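Since the structure comes first, as C-alpha cells, the remarks are kept for the end.
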Amino acid sequence: MAPKNDGSAKKVVMNKGAWTAEEDQKLSQYIEIHGAKRWKTVAFKAGLNRCGKSCRLRWLNYLRPNIKRGNISDAEEDLILRLHKLLGNRWSLIAGRLPGRTDNEIKNYWNSHLSKKINKEKKLETSTKQEIVSKEPCVIPHINVEGVKGSTGNSEDNFDVNEFFDFTTDLGSYKLEWVNKFLELDEDSWLTEKS
DNA sequence: AACGAAGTCAACCGCTAATTT
DNA sequence: GAAATTAGCGGTTGACTTCGT
C-alpha cells in the first residue's frame with residue numbers, strides 16, 4: 001500500500017527493513033569521521049534514508065568495532081544465565097558484562113536458546129526432586145535474588161534490585177563491581193551445582 | 001520433492017529517562 | 001522550571017532458514 005500523501009506536507013518515507021552493504025558503508029564512514037552522536041543528524045548527513053533510531057541500532061549491534069557475532073561460548077552462556085538470574089531481563093546490563101556482545105544478541109539468544117533450556121530444567125527438577133524447592137535459594141548475604149523485580153521468575157517477596165543497588169549511580173566508573181563480587185562469590189556454588 | 005511447523009535473528013515500535021534549549 | 005529533543009531500553013514482529021513428515 002502506498003503511503004498517504006496529499007502533497008501539502010513533504011513527508012519523507014524512510015527506508016525500513018534489512019540494511020544494504022552500501023548503507024552500512026555510508027554509516028560506518030560517517031561515524032568514523034564525525035563520531036556516533038545525534039543520530040538524526042547522522043542519518044541525514046550520511047545520506048541515509050533512515051531514521052536516527054535505525055542507524056543507532058545498526059551501528060551498536062553490527063557495525064561498531066570489536067563486535068563478536070555468534071558462537072556464544074559455554075563460559076559466556078554460564079555468565080548470561082547467572083546474570084539473568086540476578087538481574088532479570090536487563091539485557092543491556094547483562095551485555096555490559098560480555099565484551100563484544102550486544103543486548104539484542106543476548107536477548108535473542110536468551111529467547112531462542114536459554115529460556116527453553118531453563119524451562120526444561122525446571123520441569124525436570126520439579127518432577128524429580130520436590131525437596132529442592134525448600135532448599136535455600138541462591139543468596140548474596142541478606143539478599144534473595146530470586147525476588148529480583150523484573151525477572152521472569154515469580155517475585156513473591158518485594159526486594160527491588162533498583163532500590164537496593166541504585167542503578168542511577170554512574171555505572172561508567174562504578175562498572176558494576178558488586179556484580180563482579182557476586183559472580184566471584186557464586187562461582188564455586190555454581191560450578192558444583194552444575195557438576 | 002513438497003509443504004507446514006518450529007526456530008532464529010535483524011529490525012522495528014513504544015515507552016521512559018536523560019539532556020538540551 | 002517547562003518543553004522539546006535525543007538516547008536508550010525491552011518487547012515484539014516478520015522474514016528467512018531449518019527441520020520433520
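The structure presented is a predicted model; accordingly, all values stated were derived computationally and were not measured. All values below were derived from every heavy atom in this structure, side-chain atoms included, with hydrogens, water molecules and symmetry-related copies excluded. Naming convention: chains lettered A, B, ... in sequence-line order (proteins, then strands); numbering from 1 in each chain.
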Over all atoms of both residues, closest heavy-atom pair of [X] and [Y]:
X: Leu27(A); Y: Cys55(A); result: CD2-O, 3.6 Å
X: Ala95(A); Y: Thr102(A); result: CB-C, 3.7 Å
X: Ser54(A); Y: Trp19(A); result: OG-NE1, 3.4 Å
X: Gly35(A); Y: Val42(A); result: O-CG2, 4.3 Å
X: Ile72(A); Y: Glu77(A); result: CG2-N, 3.9 Å

Using whole Å, what does the distance between atom [atom2] of nucleotide [N] and atom [atom1] of [X] come to?
X: Trp59(A); N: dG8(C); atom1: CH2; atom2: P; answer: 13 Å
X: Trp110(A); N: dG11(C); atom1: CH2; atom2: C1'; answer: 16 Å
X: Leu114(A); N: dC9(B); atom1: CG; atom2: C1'; answer: 14 Å
X: Lys37(A); N: dT5(C); atom1: NZ; atom2: C1'; answer: 16 Å
X: Arg101(A); N: dC9(B); atom1: CZ; atom2: C1'; answer: 14 Å
X: Asn89(A); N: dG11(C); atom1: CG; atom2: C1'; answer: 9 Å
X: Tyr109(A); N: dT8(B); atom1: OH; atom2: P; answer: 10 Å
X: Leu93(A); N: dG8(C); atom1: CG; atom2: P; answer: 14 Å

Discussion item. Classify the ring geometry of Trp91(A) against Trp110(A): parallel below 30°, tilted from 30° to 60°, perpendicular beyond 60°.
Written reply: tilted
Worksheet item: For Lys68(A), does the NZ atom sit with more than 12 other heavy atoms under 6.0 Å from it, leaving out its own atoms?
Response: yes
Discussion item. Let me check something: do Leu81(A) and Leu83(A) share a hydrophobic cluster, defined by ILVMFWY side-chain heavy atoms less than 4.5 Å apart, either directly or through other members?
Written reply: yes
Quick test: give all pairs of protein nitrogen or oxygen and nucleotides 12-17 of chain B nitrogen or oxygen below 3.5 Å, distance rounded to 0.1 Å.
unit_1	atom_1	unit_2	atom_2	d
dC12(B)	OP1	Gly17(A)	N	2.8
dC12(B)	OP1	Arg50(A)	NH1	3.2
dC12(B)	OP2	Ser54(A)	OG	2.8
dC13(B)	OP1	Lys16(A)	NZ	2.4
dG14(B)	N7	Lys53(A)	NZ	2.8
dG14(B)	O6	Lys53(A)	NZ	2.6
dC15(B)	N4	Lys53(A)	NZ	3.3

Report, one pair per line, the protein and nucleotides 14-17 of chain C atoms (nitrogen or oxygen only) whose separation is under 3.5 Å.
none

Fill in: Minimum-distance nucleotide (side-chain atoms of Asn111(A) versus dT12(C), dG10(C), dA7(C))
dT12(C)
Fill in: Shortest side-chain distance from Arg56(A), nucleotide among dG10(C), dA10(B), dC9(C)
dC9(C)
Worksheet entry | Verdict with reasoning, Arg101(A) to Glu76(A), per side chain to side chain contact (heavy atoms under 4.5 Å, CB included) | CA-CA 10 Å; Arg101(A) 300 293 183 188; Glu76(A) 284 176 312; 3.0 Å; yes
Fill in: dA10(B) phosphate, OP1 or OP2, under 4.0 Å from Arg58(A) side-chain N/O
no
Worksheet item: Does Trp91(A) have a side-chain nitrogen or oxygen under 4.0 Å from the phosphate oxygens OP1 or OP2 of dG8(C)?
Response: no
Fill in: Residue from Arg58(A), Lys16(A), Arg50(A) passing salt bridge (charged side-chain N to carboxylate O under 4.0 Å, His left out) with Glu23(A)
Arg50(A)
Discussion item. Can you confirm whether Asp103(A) sits close enough to Leu93(A) that some side-chain heavy atom of one is under 4.5 Å from a side-chain heavy atom of the other?
Written reply: no
Discussion item. Donor-acceptor pair, distance only, cut-off 3.5 Å: does the side chain of Arg64(A) make one with the backbone of Leu60(A)?
Written reply: yes
Worksheet entry | Selection: residues 60-72 of chain A, any non-hydrogen atom under 4.0 Å of DNA chain B | Tyr62(A), Arg69(A)
Worksheet item: For Arg38(A) and Asn108(A), take the nucleotide of DNA chain B holding the closest heavy atom to each; which residue's nucleotide lies nearer the 5' end?
Response: Asn108(A)
